[in-house]
Enquirer: 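Before I ask anything, let me first share the structure, which is written out below as structure tokens.
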Amino acid sequence: MAQVRDPLRAASHENPLLSFRIDHDTEDGLHERRKSFQLEPCNRMSQFNYLREKLRRLRDKNPADLNLRSHRAVTWLCRSDEVFDTDPDAAFIFAWISFNAAYARDLGNDPGGPARSAFHDFFTALVAADPNGRIAHELWYQHEGLIARLLDNRFIFNPFWRFHNGDLSFADWQERFDRAKEIAREAIERENTPLVLSIIFDRLYVLRNQLIHGGATWGSRVNRNQVTDGTEILHCLMPIFIDTMVSATDRDWGAAHYPVIE
């Protein structure tokens, strides 16, 4: 009998963004088989090298706006990796810029609210363009502990800071926090990937504001967990986001924000 090639196993060798080891196989279908996988820790350098090569290979085939978006995102992600171990604040900021390069559109003069509402649309499109479920797998079977820490961190919950900045209408921030965690828990139980991503990135957006708007001291020892956790989740998700986008050329990822003008 001819040996049947397992496409999932083969893909793990061909693409470092799918690097996993299979502990055992089941006969219960793709969804159950994913549960038997245990992903290895992110090998950031191999992922980034793979992306650079893929972008070069597809440059003449993909739309110019997609090429620009993906190229910008990869360059900032690589810069983040260079300071990952030495400057956590800079690593997070550079990784966030990579995310911004991938998703951002023209949001007018007040990008804050629209930017956060645009997250869900972007994540919905990403998940729809990811038929193999790589993004979901990262969330459910690789980084569940990291995600739990982010969701349980009040220092990246916007109502917490609204109250501590003097807005008494947010005196019930603890109740809001508990409700928000319950919503996230239900979304996780339903494996609602776009919603969970939106919740996570809404928290990371608060961290982004703290750093970009001078609400934190560089290199501070106070409340460091969210910086390192935020950077880690960005480093593990962004390569898959970018790879998904450049592989789904039939989708409109939008015109690149701030196009190149010569």
Side-chain angles (χ1 to χ4, degrees), residues 14-19 41-107 111 115-116 118-119 121-123 125-126 129-130 134-135 138 143 197 200-201 204-205 207-213 216 218-219 226-249 251-262:
E14 296 166 0
N15 182 343
L17 302 185
L18 293 174
S19 60
C42 287
N43 186 336
R44 299 192 303 269
M45 189 52 64
S46 67
Q47 290 179 349
F48 300 159
N49 289 338
Y50 167 81
L51 281 175
R52 289 193 192 98
E53 177 56 32
K54 184 167 186 174
L55 294 184
R56 283 193 291 267
R57 190 170 68 250
L58 298 179
R59 183 179 300 144
D60 295 333
K61 299 178 181 179
N62 284 353
D65 279 320
L66 179 57
N67 285 337
L68 184 56
R69 278 184 179 277
S70 54
H71 173 70
R72 286 172 169 173
V74 169
T75 61
W76 285 106
L77 197 57
C78 289
R79 179 56 183 150
S80 177
D81 183 61
E82 291 173 1
V83 297
F84 186 85
D85 296 318
T86 59
D87 193 340
D89 297 304
F92 177 85
I93 291 170
F94 294 148
W96 184 269
I97 295 173
S98 173
F99 170 65
N100 225 77
Y103 95 92
R105 302 186 182 214
D106 187 353
L107 300 172
R116 295 166 85 171
F119 289 173
D121 293 339
F122 176 68
F123 294 137
L126 268 180
D130 180 30
R134 295 179 298 168
I135 298 170
E138 285 289 307
H143 297 297
L197 285 171
I200 293 169
F201 276 75
L204 295 181
Y205 190 79
L207 177 57
R208 171 260 189 204
N209 286 344
Q210 286 180 311
L211 294 174
I212 295 297
H213 297 294
W218 174 77
Q226 59 263 39
V227 176
T228 55
D229 286 348
T231 305
E232 183 177 349
I233 197 66
L234 285 169
H235 274 233
C236 287
L237 288 175
M238 279 308 303
I240 299 177
F241 288 178
I242 298 167
D243 189 47
T244 299
M245 293 173 69
V246 300
S247 299
T249 56
R251 296 181 178 271
D252 180 12
W253 299 105
H257 206 29
Y258 298 104
V260 175
I261 305 296
E262 300 193 12

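Quick note: numbers below take in every heavy atom, side chains included, and nothing from hydrogens, waters or symmetry partners.
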Enquirer: Which atom pair, heavy atoms only, marks the closest approach of Thr231 to Ala91?
Expert: CG2-CB, 3.8 Å
Enquirer: Any non-hydrogen side-chain atom of Arg52 less than 4.5 Å from a side-chain atom of Leu55?
Expert: no
Enquirer: Kindly say whether Ala104 contributes a backbone atom to a donor-acceptor pair with the side chain of Asn100 at under 3.5 angstrom?
Expert: no
Enquirer: Kindly give the heavy-atom pair with the smallest separation between Arg69 and Trp253, and that separation in Å.
Expert: NE-O, 3.3 Å
Enquirer: Taking all atoms of both residues into account, what is the closest heavy-atom pair of Asp130 and Ile135, and its distance?
Expert: OD2-N, 2.8 Å
Enquirer: With no hydrogens and no angle check, is any side-chain donor or acceptor of Asn62 less than 3.5 Å from a backbone partner on Val246?
Expert: yes
Enquirer: Less than 4.5 Å apart, side chain to side chain, heavy atoms only: is that true for His213 and Arg208?
Expert: yes
Enquirer: According to the interplanar angle, ranging from 0 to 90°, do the rings of Phe122 and Phe99 count as parallel (below 30°), tilted (30 to 60°) or perpendicular (above 60°)?
Expert: perpendicular
Enquirer: If you compare all heavy atoms of Leu68 against all heavy atoms of Ala256, which two are closest, and at what distance to 0.1 Å?
Expert: CD2-CB, 3.7 Å
Enquirer: To the nearest 0.5 Å, what is the distance between CZ (Arg251) and OG1 (Thr244)?
Expert: 10.5 Å
Enquirer: Do the non-hydrogen side-chain atoms of Arg72 and Ser98 ever get within less than 4.5 Å of each other?
Expert: no
Enquirer: Ser80 and His235: which non-hydrogen atoms are nearest, and at how many Å?
Expert: OG-NE2, 2.7 Å
Enquirer: So which heavy atom on Leu126 is nearest to which on Met245, and how close?
Expert: CD2-CG, 3.8 Å
Enquirer: Between atom CZ of Phe92 and atom CD1 of Ile212, what is the distance when rounded to the nearest 0.5 Å?
Expert: 8.5 Å
Enquirer: Could you give the distance from CD (Glu232) to CG (Leu237), rounded to the nearest 0.5 Å?
Expert: 10.0 Å
Enquirer: Measuring from atom CD1 of Ile97 to atom CG of Leu77, what distance do you get when rounded to the nearest 0.5 angstrom?
Expert: 11.5 Å
Enquirer: Under 3.5 Å, is there a donor on one side chain and an acceptor on the other for Lys54 and Ser70?
Expert: no
Enquirer: What distance do Thr228 atom OG1 and Asp85 atom CG have between them, rounded to the nearest 0.5 Å?
Expert: 11.5 Å
Enquirer: Looking at side-chain heavy atoms only, is the closest gap between Leu197 and Phe241 below 4.5 Å?
Expert: yes
Enquirer: Please walk me through it: do Phe123 and Phe201 pass ring-ring contact (aromatic ring centres under 6.0 Å, His included)?
Expert: CA-CA 10 Å; Phe123 294 137; Phe201 276 75; 4.9 Å; yes
Enquirer: Answer yes or no: is there a side-chain heavy-atom contact under 4.5 Å between Tyr205 and Trp96?
Expert: yes
Enquirer: How long is the span from the CD atom in Gln226 to the CG atom in Leu211, to the nearest 0.5 Å?
Expert: 8.5 Å
Enquirer: Is any side-chain heavy atom of Arg134 closer than 4.5 Å to a side-chain heavy atom of Asp243?
Expert: yes
Enquirer: Please examine the side chains of Leu204 and Ile233, heavy atoms only from C-beta on, and report whether any two atoms are closer than 4.5 Å.
Expert: yes
Enquirer: Is it true that the side chains of Trp218 and Asp87 contain a donor and an acceptor less than 3.5 Å apart?
Expert: yes
